[in-house]
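One structure is given below, encoded as structure tokens.
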Amino acid sequence: MLLLAWIVVFTDPQSLATPLVYGGVTLVVLVTAVAFLVRWEASTKQWAVLLPIIDIFAIIAVREGQPTLGSGLFLVFPVMWLARNFGVLFAAGGVALSTVLLWGAWLTRAEADAAAAFPTLLLLPITLAFIATTSYISARRERSQRVLLRQQASMVESAFDRARVQERLLEVTLDSVEFGVVAFDREGQVSLVNEAHRRSLVEYGSPRTAIMYREMYQADRKTPYPVHNRPFARAVAGQSFENLTVWVGSPDGEQAALSVTSRQLVGPDGERDGGILVLRDVTAELAAISARDSLIGSVSHELRTPLTSIIGYLDLAIDDPNLSDETRRMIGISYENSERLLVLVTDLLLAASDRDSHLPLQFQSTDIGALVAHAIDAARLGAEERSIRIVSEIGPDATASADPVRMRQVVDNLLSNAIKYNRSHGEIRVAVHSTEEAVQVSVTDTGFGIAEADRAQLFDRFFRTESARASAAIGSGLGLSVSRDIVRQHAGDLTVDSEVGVGSTFALTIPREAPAAEPLDQEH
Ligand code: ADP
């Protein structure tokens with residue numbers, strides 16, 4: 001409007017002197033000043049609607065004062081103002097008011113060149129109506145987008161709040177647990193070390209700010225762990241492992257056994273996204289296990305010597321020709337029972353030494369077919385005593401990388417169970433099959449089978465089924481547990497399938513290739 005006034009000053013200074021132009025421009029300037037200067041608040045906002053209305057009057061006045069200036073176009077601004085800010089009623093009202101004033105002024109003027117002004121009088125209201133509509137619609141869309149944005153912002157805000165609370169909760173929880181936790185991101189940078197781990201670091205000679213212990217030893221407590229093979233290095237390299245036992249602290253001072261578990265995290269993109277290490281102090285547990293095993297070991301060892309002597313003398317005594325039949329029968333029973341006792345004691349000794357030694361397996365290329373054939377030959381005598389037939393089906397090329405002594409122990413155990421828990425005149429089928437990757441040995445008997453409920457505990461130490469305990473079969477419940485440990489150390493598995501009253505099948509599968517070092521680290 002000021003620009004227009006400026007142009008008028010140069011082109012037609014006369015017309016500025018007309019009260020309509022002069023008054024109109026002044027009014028517009030005043031309204032603009034009011035719009036800027038007043039501090040609009042919620043309570044006064046509705047009065048702002050007067051400003052564009054006054055503008056409409058002012059613009060019409062300028063237009064009437066000097067029609068050639070074309071200031072009627074300025075009506076667009078108040079109409080837009082009304083449509084954007086004051087709703088549909090004021091939008092329509094603005095257009096209507098402008099139209100009425102335009103037409104009213106024209107009618108009162110009633111000039112001769114009315115026909116010339118007619119298109120403007122028709123087009124201007126249509127243009128205003130169009131502008132009012134689009135302004136109104138776009139303002140409404142913006143408003144709803146603003147509302148949506150605000151809602152989303154508040155949702156994000158509350159999600160952040162929740163995440164912060166969870167993070168805090170996690171921190172407090174991790175700081176109050178007794179085991180160490182170390183988390184790292186995908187670059188291997190440590191993102192969290194909990195309080196228990198820091199305390200343990202200090203206790204075993206490392207600074208509180210360190211991530212891992214300065215010294216770390218293998219099972220013998222004095223051979224240092226190679227740096228690249230330490231749990232943290234392995235975890236950062238992407239390996240998952242469970243219950244890896246390491247010793248920390250100086251061999252001359254106090255040491256602790258830690259059981260370390262590594263878990264890798266996967267990000268939403270499916271990529272590896274760091275991981276965590278959990279370090280549990282198992283010193284007391286290891287001490288208790290080794291105390292128990294050494295007790296079992298020494299007791300059974302001490303029992304074996306006198307027992308062997310008793311069996312030897314009973315064996316001699318039974319051959320004495322001066323014995324009455326009754327005495328011979330009684331000595332026979334004592335002899336049998338002493339032998340049973342010897343089997344149990346030997347089993348216990350074996351289990352204790354198994355636990356204690358954690359022997360690394362001696363892997364070598366082993367013909368599992370031949371190994372099974374020898375085991376069958378050895379078992380045949382015992383089977384014949386109970387009139388049990390052993391049928392074997394040994395496939396070709398069943399060579400695998402295995403520890404032959406330990407494997408033979410497993411097969412012997414399966415065969416002896418198949419004889420012990422079979423019926424007289426029963427049958428045992430032994431099959432050896434091999435594929436490109438693995439070798440499988442299965443032992444099927446026609447015994448009394450194992451109930452579904454017992455199968456879950458079958459591989460637990462000292463577990464024997466009710467029927468086994470009731471039968472005459474001697475056993476300690478250790479054989480299967482030891483066997484499965486051995487098979488798992490070969491990275492294989494030992495499984496059972498059974499039907500009560502029909503028989504059972506025990507199947508062991510081992511890969512042809514020797515497993516990597518990890519399974520040796522595993523506690524179970
Ligand atoms: P043991 O034979 O010394 O008792 P094992 O660990 O070898 O110990 O077996 C555990 C238990 O599993 C046995 O006591 C028996 O109840 C059951 N079992 C094992 N093999 C068989 C089988 N072939 N048929 C039925 N039961 C079996």
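Counting convention: from 1, in listed order, for ligands and their atoms alike.
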With no hydrogens and no angle check, do the side chains of [X] and [Y] hold a donor and an acceptor under 3.5 Å apart?
| X | Y | value |
| --- | --- | --- |
| Ser481 | Asp460 | no |
| Thr283 | Asp281 | yes |
| Asn243 | Ser259 | yes |
| Asn413 | Ser483 | yes |

Considering only non-hydrogen protein atoms, determine which one is nearest to [atom] and report residue, atom name and distance to 0.1 Å.
| atom | result |
| --- | --- |
| atom 26 (N) of ligand 1 | Ile450 CG1, 3.4 Å |
| atom 2 (O) of ligand 1 | Tyr421 OH, 2.8 Å |
| atom 4 (O) of ligand 1 | Arg464 NE, 2.7 Å |
| atom 16 (O) of ligand 1 | Thr465 OG1, 2.6 Å |
| atom 17 (C) of ligand 1 | Leu458 CD1, 3.8 Å |
| atom 3 (O) of ligand 1 | Ser476 N, 2.9 Å |
| atom 10 (C) of ligand 1 | Phe463 O, 3.4 Å |

Side-chain donor or acceptor of Arg455 paired with backbone N/O of Ser498 under 3.5 Å: yes
Polar side-chain atom of Ser334 near backbone of Met330 as donor-acceptor pair, under 3.5 Å: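 Flag set: sc Ser334 to bb Met330 pair under 3.5 Å.
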Counting only heavy atoms not in [X] (residues, nucleotides, ligands), do more than 12 fall under 6.0 Å from its [atom1]?
| X | atom1 | value |
| --- | --- | --- |
| Arg140 | CZ | no |
| Arg429 | CZ | no |
| Glu178 | CD | no |
| Asp325 | CG | no |

Looking at ligand 1, does Gly447 have a heavy atom less than 4.0 Å from it? no
Within the structure, is a non-hydrogen atom of Lys420 found at a distance of less than 4.0 Å from ligand 1?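 It does, in that a heavy atom of Lys420 comes within the 4.0 Å cut-off of ligand 1.
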For the 3.5 Å polar cut-off, considering only N or O atoms, please tell me whether Ala468 and ligand 1 meet it.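 No, there is no polar N/O contact under 3.5 Å.
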Using distance alone, decide if ligand 1 has a nitrogen or oxygen within less than 3.5 Å of any nitrogen or oxygen in Gly477.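 Among all N and O atoms of Gly477, at least one is under 3.5 Å from an N or O of ligand 1.
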Of the listed options Asp460, Asp445, Leu480, Asp454, closest to atom 23 (N) of ligand 1 (non-hydrogen atoms): Asp445
Among Thr505, Asn417, Thr444, whose heavy atom sits nearest atom 7 (O) of ligand 1?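 When every heavy atom of Thr505, Asn417, Thr444 is considered, Asn417 comes closest to atom 7 (O) of ligand 1.
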Counting only heavy atoms, which portion of Leu478 has something under 4.0 Å from ligand 1: side chain, backbone, both, or neither? backbone
May I ask you to identify, for Phe506, whether its side chain, its backbone, both or neither come under 4.0 Å of ligand 1 on a heavy-atom basis? side chain
